[in-house]
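All remarks here apply to the structure that follows.
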Amino acid sequence: MSRRAPALALLSRYGFLAVFLGFFIFFATRSDAFLNTSNLVNILEGNAILLVAALGMTLVVASGGIDLSIGIAIDFGGWLAIVAMMDHDVAWPLAIVVGIAVGASVGVFNSFLVVWLGVSPFLATLGTFFIGGSIQQIYTSGGGQVPFREMPEGYQKLATGDTLGIPNEIIVGAIALMLFYVFLERSIHGKRIHAIGLQRSAASVAGINVRGYLWVAFIVASATASVGGIIATAGLRQFTPLAGFSYLLDAIAAVFIGASMHPQQRPNVPGTLVGVLFLGMVSNGLNLMGLDFNFRDALEGLILVGAIALAVSQRRVLGRSGASA
Amino acid sequence: MTNTADTKANALSMHNISKAFPGVQALDSASLAVAPQEIHGLVGENGAGKSTIIKVLAGIYQADRGSVWVDGAPLDQITPETVHERGVRFIHQELSLVPHFSVAESVFMAQEKRGMLGLDTRKMRRLSEAFLAETLGAEIDGRTLIRDLTVAQRKLVQIARALIDGQARLVVFDEPTAVLGATDINTLFGNIRRLRDTGISIVYVSHYLSEITEICDRVTVFRNGEDVGTIDLGGATAPPGPAPSDTDSAWSAANGAPRQGEIIKLMVGREITDMYPDRKPEAGETVLEVSGLSDGSRFSDVNFSVRTGEILGLTGIIGSGREALVDTIYGIRRTRRGSLTIDGAPVKLRSPAQAVRSGLVLVPRDRRNDGLVLDMSVGDNVNMATLDKVSSKLGWLMRAQARRQSDEFAEQLDVRPRRSATIVRFLSGGNQQKVVLARWLATESKVFVLDQPTTGVDVGARSEIYALIAQLATGGAGVIVSSNDLTEILGICDRVLVMVRGRIVAERPTSGLALDELVALTTSSAAATADQGAAIYGPEHRGGLEVGA
Amino acid sequence: MTTTVSARTPAGAAARRVLHFTISRGPLVVFAVLLIYLSLESEFFLEWRNIKSILRQSAPDAILASGLAVVVMAGGDDVVVGGIDISIPAAATLGVGLIADQLVGNTPLLWAYLLGAVAIFGVGAANAFLVVYVKLTPLLATLATLVASVGLYRWAIDNRRITVLGNGFVNEVRDGDFLGIPIPALIMLGTLVVVGGIAHRTRFGIRMQAVGGNRSAAEIAGLRPGRYLAASFILASFCGAVASIVLISRGSGLSPGIEERLLVDMVLATFVGAAFSPRRVVTVPGAVAGAILVKALGNGFQLIQVDLFKIGMIKGVLILVVVASSALVGKLRQ
C-alpha cells in the first residue's frame, strides 16, 4: 500500500465504520431506548452466540476455506452436552467438555475431507451439513425439541447468570474474542494461517506445516462454534435440532464485512466483531423503532446489501484501484 | 514525427505511444515499426514497457498519447475487436486457453461458426483438425480437451486460433517458447518462418537473446518505456529452410554472442562486464549426501554429495528430471527409493517443513507462486520460516523483534525499497528474489538449493544475486544451483552435474569446461527425450543468454 | 541396475488407467448400483406412476439447479471466489409469495405471474449489479440479496401461509398431464432445452463458458466478462421465475421457509450433476439429471421404508462421493 494520501487511505479502510456510526446515530435519534445501557448490553448479550460462531468462521476463511457446517457444530455441542447430563449424569463442567469435544469432531470430519481427500471446503462442509442434519433428525424423531427441565444451575448460569455484574454470555464472547485475536492476529500461528490462506504453495515451500494448520483451523472453528451451541441450550433449557443453521449466513456476512475493512481484504478478528455488532445493532435498532416484525426482516436484508455494497465500492473508488495490476 | 512514407509502407507503426499508471510512466513516447513480411524482435528488461506496448496494441490498455497504423491505415479506436478486424493476432504467453474446452472450441473461441441451430460443432471440429494438420503439421483430434494436451500442442492450438480465419496480417508472439522443449522450439520456428513467407509480419517478444538473434530479421530494444534502438540482424538470421539441428539452435549462446552483447548494451544502457563474482572455492566437509534416490517416474538412482563452501551446479534440459529431483530433495515430491543424509545424519524428507527443520532450504523456480506470499509484507515474508525465533514459547509474536530480524536481513541483502511494510507484490523481480534469500539466510541453514535463481531478475540485479550465492558458500553452507542457463552454471558453480533422461550422466569441475562441451553433455540424446519432455509442465528455461523474464 | 518405473511400464500405465477410470466413473457406478438395488427391492420403484411422481417432485430443484449451473459456468467453479448464486431459491420464493398473494386477491392470472417474475428478475439484476459493478464476490453478493429477498417476502405476505385454492391453472400445473407426462416435468424439460440450449449450444453460451473457464483468456480474446457474468445472473433469475410457477402449484400457495430446503437441494443437484458430464464440469443437463437422481434415490429409499430422516444422510454421502472422486481424479492427473 502506498503512503500517499493517508486521509483517503484511512477513509477507505474505515469506510464501513462510518456506515456503522451513521446507523448508530440514526437509531439513537430515532429511539430513546436505544442508547440505554441495558439495551446496549442486550445487543452484546444477544449476539454472543453469533460472535463465537463468526470467530470460528473467521479462522477457516483466513486459512483459505469456508465452513458451511458450523451450524452442525453448534447443534452437536449443545445437544451432546445436554444428553451427557440428562442420560449419563455427567457433572455439568464435564458435560461442557463433552459438548466441545463432540463439536470438535465435526471439524475432524471436515479436515479429513478437505485435507486428506482434497475436497473443496465448500462442498465438503456442505456434505457434513447434510449428514449432521440427518443425524439430528434421526435421533430426535424428526427434529423434536429435547427439553431439559432439571438443568444444573451452573450450566444454566452460562447463559443467564452474571459475573461481577456482567452477563456471562458477554464474558464468554469476550474471552473467545481475546483468544482469537491473540491467536490469529498476534501470534506466529495466525501469521502462518494467513499465509496459507493467501498463497498455499508459497506457505508450504516456506516450511509451514500447511496440512497441520488446516486441521487446526477446521477443528478449532467447530469446537468454538459448539461453545455457542452450549450457551444456546443453557439459555433455553432445551435443545432445538437444526437451530444452528440460522447462524450460518450471519456468520459468513460478519466475516466478509470484516474483511472488507482490511487493507488487503483479509478476514480478521476485529473486523468480524464489527460485522457482528453491525448486524446486531441494525436488528435491535429496527426493533426499537417499533417496526413490524416482518418489515424489519426485509429492511435488515436491504441494509445488509446496501452497507456491504457501499463499504466495498467506496474502497474501490478511494483505495488504490489498480492495486492488483 | 516519423516519416509518413514509412508509416504507409509498414505493416505496423506505433508512434510516440505514452501510457502512465499511477506512479509509473510505463511508456514514454515509444515507437515500434514493423516492415511487411518481417520477423521483428522486441526485447527489454522487466518494466521496460514491452508488454505494455503489446497490451496497447491489443486494446487491453488505452494509450494516453500516440497513434497506431496497421498496413498503412491509422486505427482510430483501439479495442480488441477493431484490432482483430485489421488482422492483428496475438499468441499470448500463457493463460489464454480454457482447460476443459476441446481443441475445436478453443480454436474457435470468440469466433465460433454458427449453423442452422446454434453452433456448428462438427464444422468447427473438421476445420480445426484440418488446419492443425495442414498448416501446422500436427495431428490432433478436435475433441481432445486442452487439459489433456502437451504444452507444445497447446501452443499450436493458440496459433491455430490466431490464424484460422485466414485474415491474419500481423501476428504477435509473446514469449512463445517459455515452456517448450528444444525440438518443439524448432518446429515452432519453422512455423513462424513459414508464416512470414506467406506474407504475414511477425512481432516476436522474448527474453532469450539467442532466440532473437536466431529467428528475427530486426530487433527493437526497449528501455525505461522508450525504444532505444533497432538493430538489423539480417546477417545472423538463419535462412528459411531446413531447421538447424538441436545443438545449434536452442543452445546457440555462442554463435550470436557478439550481437547479443550489442543488444544487452542497449537494454541496460551500460556494459555488463563482470557478472560473476571472483571466488576461490574452499570445499570442506560433506554436508549433503544423496544416494540411490529414485522417485518412481521422473528420475532414478541419483547419487551425489555437496560439501560446505561448495557451489554445485545441476543442469539438464526439460524432461531430464532435474526439476523433479529438486522437488524430491525438498520433500515436495515423494521419494520411492534411496536416502539422504545431512551432516552425516540420515533424514527422511516427506514435506518441505521437515526439510527446513533439517537445515535444507529451497529457493523455488516459480517465485511468484511458490516463493513468496505476494500480498504479505517484506517483513512477514522474510520472517516466514523463522517465526519461532521472534516469538515467545507459546507463539506470541514479538513485533519489535520480528521487525528487527527482517530489517537486519533485508538490509544485509539490500532489498529495496527499505521498508518492511511494503507488500512484496510491488517489488521488482530481483528484490523479490532477495526477499526469498533473506528468509532462508535467517534460518542459518546448512544446504541451500536454488532453482533457476535468476529467472525474472534483471541483468543488473543478477550480478547481485550471484554475489549473494557466492557469499552463502563462503559462509560455510553447501549450495546447489539448479539451472538451465549454462553460462550461469559455468559462471557461478565449482562443479556441475548433468542430468539426461532421469539420470546423472556426467559430473565435471567447471574450471576449464567449455560451454559447447556442456551443451553437448546436456543434449546427448536430447531428441529422444523431447517428446516426453514436452509433457512436463512448469516454467523451464534453456541456456543461452537469457535476460529478464 | 534396472529400476522399474511403474508409470512407464505398460503394466503400470494400464493399472493407472484402470484406477483412473474406476475413480472417475465411481460416482456413476454408485448411483447405478443404488438404482438397481432400489428397483429390485421395490417393484413399485420403476413403475410409470412412481417415475411420474419423481419427475414431478424433482422439477423445481432441477429448474433452480439449471440456473445455478449457468452462474457456475460463467463465474468459474471455485465456489468461494467464483460463480455461485445462493439467492435463486429465495428469489423464487419471493415470487411465489407475491403470486400467491395476488391470486388470493383475485388478480388476473397473467398479472400475478408477471408481478412475481418482475420481482425475481429484480433480484437477479441486483446480483448482477453487485457482482459486476460493485465487484463483490458472488457468494457475498447473493448472500446479501438472499437475506433481502427472504425479508421482503416475509414482509410482503406477513410471514403467513397463503393457500391458493380452486385456481384452475395452478391445479392443472400441479396435477395435470400432457401426453401422459406430468406438466411440471414438461416445464422442466422446456427449461432444460431453453437454458441448456443457450448455455451449451449457442455462441453466447460457449463464450460464457470461456469466461468462466479462464477469465483473462476470454478478456484477451475480446470478450467482456462482465456482460456474461451479468447475463448469467439474469438467466438464473429466469430459472427462478419458471420455478416459481411450479412451486406455487406444488405447494398450492406458499409455505414460508421453503427456500432453505430448496437452496441446499439446488446446490446438491448442481454439483452432483458434474459427475454426469463427460468433462466432469458443471453443466445444465448434468444439474437436471442430478436433481432427478437425488429425488429418485430419496423416493426409492422411502419406498423401501428407510427412515425419512436418513435421507439427508444419503444426500450428504452422495455429494461427498462425487466431490471426493473428482478430487482424487485431480490428484491422479498430476
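Everything numeric here is computed off the predicted structure, so don't read it as measured data. Every chain is numbered from 1, with letters handed out A, B, ... down the list of sequences.
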Please examine the side chains of Val205(A) and Pro364(B), heavy atoms only from C-beta on, and report whether any two atoms are closer than 4.5 Å. yes
Non-hydrogen contacts under 4.5 angstrom with chain A: give the residues of residues 368-386 of chain B involved, or none if there are none. Arg368(B), Asn369(B), Asp370(B), Gly371(B), Leu372(B), Val373(B), Leu374(B), Asp375(B), Met376(B), Asp380(B), Met384(B), Ala385(B)
Working to the nearest 0.5 angstrom, can you tell me the gap between Lys389(B) NZ and Ile188(A) CD1? 12.5 Å
Atom pair OG/NZ of Ser391(B) and Lys191(A) - distance to nearest 0.5 Å: 12.0 Å
Interatomic distance, OG@Ser204(A) vs CD1@Ile332(B), rounded to 0.5 Å, equals 6.5 Å
More than 12 non-hydrogen atoms from neighbouring residues, nucleotides or ligands closer than 6.0 Å to CZ on Arg266(A), yes or no? yes
Anything in residues 207-215 of chain A with a heavy-atom distance to chain B below 4.5 Å? Please list those residues in order. Gly207(A), Ile208(A), Asn209(A)
If you draw a 6.0 Å radius around CZ in Arg186(A), do more than 12 non-hydrogen atoms from other residues or ligands fall strictly inside? yes
For Gly395(B) versus His189(A), what's the shortest heavy-atom pair and its separation? CA-NE2, 4.0 Å
Between Ala402(B), Gly331(B), Ala353(B), which has the largest tally of heavy atom pairs under 4.5 Å with chain A? Ala353(B)
